[in-house]
Amino acid sequence: MDSKRFGLKSTKLEAQGSGFRGSVSQESGSLGSGSLESKSFRKRVSSIMILFTIFSLILGFKLFNIQISQNNEYTIQAAQENNFSTTIPSLRGLITASNGLVLADNIPIYDAYVTIKNITNRNSFVNELNKELGVPQQKIWNLINLKLIWVKIASNVTTKEKNKLSNLTSLSFIQNEQRSYPNGSLFAHVLGFLGKDRSGNISGFYGIEGYFNGALTGHPGYTQGIESALGIPLLNKNYKFIPPSNGDTINLTLNPAIQNIVSTEVQYWSKKEDATSGAAIVMNPKTGAIIAMSSYPSFNPNTYWNYQYSDYLNNAISFIYEPGSVGKLIMAAAALSSGKVTPQTTVDDKTGMFQVGGKTIYNWNKAPDGVMNLGQILFQSSNVGASIIATQYLSSQAMYNESKNFGFGSLTGITLQGEETGIIPPYQTWNESNLATDSFGQFVSVSPLQIIDAYAAVANGGVRMQPYVVNSITTQGNGSRSKVISYHPTVVNRPITPAVASELNTMFTYTTGGEPNWALHQTGVGAYMPIIAGKTGSAQMPSVKHPGQYSTHNFVMTYVAYAPANNPKFILLTMMNSPQKPLLGQYYAATTACVEWGAIAKQLFQYYSIAP
């Protein structure tokens, strides 16, 4: 029973077990198939891991190469791509005359570019550009046939030309600034010009442009910051904008009306008498202000490249020469200041020649002048009389000191590039013949500006003023309020006393009746002679062919005089270098520089309403 019971149970269990086993067996079969799939899965995972590892190694190497090996290169590249800095050019300052007339300005000038694909009719485009801008047709064809999007087609296009080309939609323009001198050559030597130096840098040369180049140039501005990938500036804390500081405006003492008078006459008479060079200066002797200054030959600063170097030189300040008899001022001033000579002191020229230091000195006509006082020596322009005064009453040191007191051998300080100092050898090196020749202006070398400056001191009662050509300078600042720097009349020194100046003034008024007489009557100012005070000079030029000797046919002629003598409104100097066709065929100041002086003075008397 138990057995059966157990047997039955056993069977059931078996059945159940069999079922169980079947189930197990079946399950076991299922587990066997999963094992094969798991192996395939693991292989795939392993392959992926291997590929991932290889990729990671390559990526790691690449990152290492970028971050370490090529760090500097990519840092610079990143900076170049993200940071920007743009320079904003400054405008050059204006130069104006005493009345505000603009003498040097800036005008817009354009570079023309063409977008080649936008040209609708190439033949029409080429023809119109050639007609309006003068660009050769073949050059235009060569440019527009280039495989480019955008090409520069012309430079220095004026506003007028640009407007005529407005119908050509394929053109675009970039604006620049060009220096302009509206009055051409009229103020050329005072202004100078704007050009390029040997390195190609823009700079001012000569005159005001050269002397004040830095002030006129100003300072450029800039923008700086970070830009997006599209090149758009990001207006964040890194963005900076510094506006440009434009150049200063310089106002001159020049009077345009008088400058026109002087320049016209200098050019006319220098050409008429076939002079190598020349100059004229008008100054206010009471202030030192330069009213007009002209030089021959001249040039047009708008086209300065068409002229020679010698044309740029301002002979009023750059030409140094032995002044001749206008230098007798130094002898007369030194003699009177010494107290050894008075206006009544006389000397006797019996032969028209004077032996000194182994040399023979002659009068201009080699004739004796007889007994003369100091005023008569100046009237006759007697070389012998001047030599006797110098060698008998003066020393080399006294003459040297007087020359220096009047500004000879030193820069006047005028603010123009190109001024020369002149030459005065140290007095310790002088011999007796040097002292004698210096008494009539044939030993030292000076400039026309130094001569007029010295005579202006006599006209101004013995007070020498600083010659100046700038009235004021207006600084523009960089967005700030402008500042005006004014120039005022400045006393340099007092080379002579008022009493000596008065005596010299009387003598120079008397002298007008001598050599200048003929020329002043010829030019219609003879009636003004009683109120004109001045002195002529006809100086031989050193010989080029025979060093140490003087030329027999090349002379520098000078006349410097002021009026009215007792209350001068102006002082005028005219100078001609080596005129080959003097009036009457006579090589004297009377037939050259005096005539030019009279032609200018006639108009000055009218301008200043000065009665005879």
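Computed from a predicted model, the values in this text were never measured in an experiment. We number each residue from 1, following the sequence as shown.
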Quiz item: Under the side chain to side chain donor-acceptor pair (under 3.5 Å) criterion, do Asn255 and Asn99 qualify, and how do the steps go?
Solution: CA-CA 7 Å; Asn255 180 312; Asn99 65 350; over 6 Å; no
Quiz item: Residues in ring pair (Phe, Tyr, Trp, His ring centres under 6.0 Å) with Tyr211, at least two apart?
Solution: none
Practice problem: Scan side-chain atoms only and decide if Trp269 and Glu265 contain a donor-acceptor pair under the 3.5 Å cut-off. | Solution: yes
Quiz item: Are Lys359 and Asn431 linked by a side-chain donor-acceptor pair shorter than 3.5 Å?
Solution: no
Exercise. For Asn260, enumerate each residue passing the side chain to side chain donor-acceptor pair (under 3.5 Å) test, keeping only those at least two apart in sequence or located in another chain.
Key: none
Please output the side-chain donor-acceptor pairs of residues 500-508 that fall under 3.5 Å, not counting sequence neighbours, one pair per line with the distance.
| unit_1 | atom_1 | unit_2 | atom_2 | d |
| --- | --- | --- | --- | --- |
| Asn505 | OD1 | Tyr562 | OH | 2.6 |
| Asn505 | ND2 | Asn566 | OD1 | 3.4 |
| Thr506 | OG1 | Ser502 | O | 3.1 |

Quiz item: With side chains defined as the heavy atoms from C-beta onward, is the minimum distance between Met465 and Pro489 less than 4.5 Å?
Solution: yes
Practice problem: Over all heavy atoms of both residues, which pair between Ser387 and Ile361 is shortest? Give the atoms and the distance, please. | Solution: OG-CD1, 3.5 Å
Quiz item: Can you tell me if Gln259 uses its side chain to pair, donor with acceptor, with the backbone of Leu186 under 3.5 Å?
Solution: yes
Quiz item: When you look at Leu572 and Ile281, which way does the side-chain contact (heavy atoms from CB on, under 4.5 Å) test go after all the steps?
Solution: CA-CA 6 Å; Leu572 165 64; Ile281 307 169; over 6 Å; no
Exercise. List in chain and number order the residues that pass ring pair (Phe, Tyr, Trp, His ring centres under 6.0 Å) with Tyr528, two or more places apart in sequence or in another chain; answer none if no residue qualifies.
Key: Phe605
Quiz item: If you take all heavy atoms of Met293 and Ala316, which pair is closest and at what distance?
Solution: CG-CB, 3.8 Å
Practice problem: List for me each residue that meets side chain to side chain donor-acceptor pair (under 3.5 Å) alongside Thr592, sequence neighbours excluded, and say none if there are none. | Solution: none
Quiz prompt | Neighbour count >12 (heavy atoms, 6.0 Å) for atom CD, Gln428 | solution = yes
Quiz prompt | Pairwise distance CZ(Phe379) to CE(Met372) - rounded to 0.5 angstrom | solution = 12.5 Å
Quiz item: ring pair (Phe, Tyr, Trp, His ring centres under 6.0 Å) with Phe354: which residues, sequence neighbours excluded?
Solution: none
Quiz item: Mind checking what makes side chain to side chain donor-acceptor pair (under 3.5 Å) contact with Tyr362, not counting sequence neighbours?
Solution: none
Quick one: side chains of residues 514-521, donor-acceptor pairs under 3.5 Å with protein atoms, not counting sequence neighbours, listed by atom name and distance.
| unit_1 | atom_1 | unit_2 | atom_2 | d |
| --- | --- | --- | --- | --- |
| Glu515 | OE1 | Thr536 | OG1 | 2.8 |
| Glu515 | OE2 | Ala589 | N | 3.2 |
| Glu515 | OE2 | Ala590 | N | 3.2 |
| Asn517 | OD1 | His521 | ND1 | 2.8 |
| Asn517 | ND2 | Gly513 | O | 3.4 |
| His521 | ND1 | Asn517 | O | 3.0 |

Quiz item: Hey, does the side chain of Thr253 reach the backbone of Asn471 with a donor-acceptor pair shorter than 3.5 angstrom?
Solution: no
Quiz prompt | Residue list, salt bridge (Lys or Arg N to Asp or Glu O under 4.0 Å) with Glu209, at least two apart or on another chain | solution = Arg92, Arg179
Quiz item: With sequence neighbours left out, which residue pairs that include part of residues 445-472 fulfil the salt bridge (charged side-chain N to carboxylate O under 4.0 Å, His left out) condition?
Solution: Asp453-Arg464
Quiz prompt | Tyr487/Tyr468 aromatic ring centres below 6.0 Å | solution = no
Exercise. Answer yes or no: are there more than 12 heavy-atom neighbours, outside Lys602 itself, under 6.0 Å from its atom NZ?
Key: no
Exercise. Return the orientation label for the Tyr312 and Tyr309 ring planes: parallel under 30°, perpendicular over 60°, tilted otherwise.
Key: perpendicular
Self-check item: Within-4.5 Å side-chain heavy-atom neighbours: Asn183 and Leu103
Solution: yes
Quiz item: Which of parallel (below 30°), tilted (30 to 60°) and perpendicular (above 60°) describes Trp364 and Tyr588?
Solution: perpendicular
Quiz prompt | Check against side-chain contact (heavy atoms from CB on, under 4.5 Å), Leu573 and Tyr559 | solution = CA-CA 6 Å; Leu573 176 144; Tyr559 186 43; over 6 Å; no
Quiz item: Would you call Leu254 and Ile290 a side-chain contact if the rule is heavy atoms closer than 4.5 Å?
Solution: yes
Quiz prompt | Residues Thr345 and Lys340: side-chain donor-acceptor under 3.5 angstrom | solution = no
Quiz item: With no hydrogens and no angle check, do the side chains of Asn284 and Lys569 hold a donor and an acceptor under 3.5 Å apart?
Solution: no
Practice problem: Can you measure from CG (Asn383) to CD1 (Ile388) and round to the nearest 0.5 angstrom? | Solution: 11.0 Å
Quiz item: Got a sec, which residues hit side chain to side chain donor-acceptor pair (under 3.5 Å) with Ser294, two or more places apart in sequence or on another chain?
Solution: none
Quiz item: Between the main-chain N or O of Gly407 and the side-chain N or O of Ser410, is there a donor-acceptor pair closer than 3.5 Å?
Solution: no
Quiz item: Do any N or O atoms from the side chain of Glu420 and from the backbone of Phe319 form a donor-acceptor pair under 3.5 angstrom?
Solution: no
Quiz item: Any idea how Tyr307 and Phe299 line up, ring-wise: parallel (<30°), tilted (30 to 60°), or perpendicular (>60°)?
Solution: perpendicular
Practice problem: Could you give me the CA-CA distance, side-chain angles and deciding distance for Ile377 and Ile389, then say whether side-chain contact (heavy atoms from CB on, under 4.5 Å) is met? | Solution: CA-CA 10 Å; Ile377 290 173; Ile389 291 287; 3.8 Å; yes
Self-check item: side chain to side chain contact (heavy atoms under 4.5 Å, CB included) partners for Gln344, two or more places apart
Solution: Thr342
Quiz item: Got a second to check how far Tyr393's OH is from Ser338's OG, nearest 0.5 Å?
Solution: 9.5 Å
Quiz prompt | Donor-acceptor contact present, side-chain Asn554 to main-chain Ser551, <3.5 Å | solution = no
